[in-house]
Amino acid sequence: MTLSLILAAIWALAANVLAMIPSHDNLWCRAYVLTALGIPLLGYVTYENGPWWGLAVLLAGMSVLRWPVIYLGRWLRRQMRRG
């Protein structure tokens, strides 16, 4: 297993542990940090292992951080309706 996939597994484990800890802001601060760390990691995985592994890690990250993705989709739909 390559270094990028090991780092992605550690990211996923950390994301799941952080989701179990109670939070006052509904975990949004942690979601921002995980997103900021996950985007460069996704690029590294794609660079080192190819686009199929990159897509798999992207889908895994989207399943962990599903609410930011849902809110982004809703925001994009509202922007499309206005334009």
Side-chain angles (χ1 to χ4, degrees):
M1 190 158 26
T2 61
L3 176 63
S4 62
L5 290 177
I6 292 170
L7 291 174
I10 291 170
W11 181 92
L13 180 67
N16 283 299
V17 169
L18 288 173
M20 289 187 244
I21 300 170
S23 173
H24 293 291
D25 66 347
N26 292 330
L27 307 173
W28 280 102
C29 183
R30 296 176 193 164
Y32 294 140
V33 171
L34 287 169
T35 302
L37 293 174
I39 290 173
L41 183 59
L42 177 64
Y44 184 43
V45 168
T46 304
Y47 173 75
E48 198 169 43
N49 298 298
W52 291 111
W53 278 105
L55 183 63
V57 170
L58 174 67
L59 292 175
M62 287 173 62
S63 73
V64 171
L65 296 173
R66 61 188 167 273
W67 284 107
V69 174
I70 290 169
Y71 284 129
L72 176 66
R74 289 177 182 172
W75 180 79
L76 287 173
R77 270 187 259 145
R78 280 195 311 267
Q79 297 302 317
M80 297 282 275
R81 288 182 192 154
R82 289 182 187 169

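Starting from 1, each residue takes its place in the sequence as its number.
Taking hydrophobic clusters as Ile, Leu, Val, Met, Phe, Trp and Tyr residues chained together by side-chain heavy-atom distances below 4.5 Å, Leu72 does not share a cluster with Met80. Note on Tyr47 and Leu7: separate hydrophobic clusters, where clusters join Ile, Leu, Val, Met, Phe, Trp and Tyr whose side-chain heavy atoms are under 4.5 Å apart, directly or indirectly. Under a hydrophobic clustering in which Ile, Leu, Val, Met, Phe, Trp and Tyr are joined whenever their side-chain heavy atoms come within less than 4.5 Å, directly or via other members, Leu55 and Met1 fall into the same cluster. Leu65 and Tyr32 fall into different hydrophobic clusters, where Ile, Leu, Val, Met, Phe, Trp and Tyr residues are linked whenever their side-chain heavy atoms come under 4.5 Å apart, directly or through other members. Under a hydrophobic clustering in which Ile, Leu, Val, Met, Phe, Trp and Tyr are joined whenever their side-chain heavy atoms come within less than 4.5 Å, directly or via other members, Trp75 and Val69 fall into different clusters.
Remark: the backbone N or O of Ala15 is not paired with any side-chain donor or acceptor of Arg30 at under 3.5 angstrom. Listed for the Arg66 side chain is a donor-acceptor partner under 3.5 Å among the backbone atoms of Ser63.
Atom CG of Leu42 and atom CH2 of Trp11 lie 9.5 Å apart (nearest 0.5 Å). Between atom OG of residue Ser4 and atom CG of residue Asn49 there is a gap of 4.0 Å, rounded to the nearest 0.5 Å. Between Met62 atom CE and Ile70 atom CD1 the span is 9.5 Å, to the nearest 0.5 Å. One finds the CD atom of Glu48 at 4.5 Å from the OG1 atom of Thr2 (value rounded to the nearest 0.5 Å). Rounded to the nearest 0.5 Å, atoms CG (Leu58) and CD1 (Ile39) are 10.0 Å apart. Residue Leu18 holds its CG atom at 9.5 Å from CG of Leu13, rounded to the nearest 0.5 Å.
The side-chain heavy atoms of Leu41 and Leu37, taken from C-beta on, include no pair separated by under 4.5 Å. At least one side-chain heavy atom of Trp28 sits less than 4.5 Å from a side-chain heavy atom of Pro68. You'll find the side chain of Tyr44 reaches within 4.5 Å of the side chain of Leu3, heavy atoms only.
Contact detail for Thr46 and Pro51: the closest heavy-atom pair is CG2-CA, 4.1 Å. Closest of all the heavy-atom pairs between Pro40 and Ala36 is CD-O, 3.1 Å.
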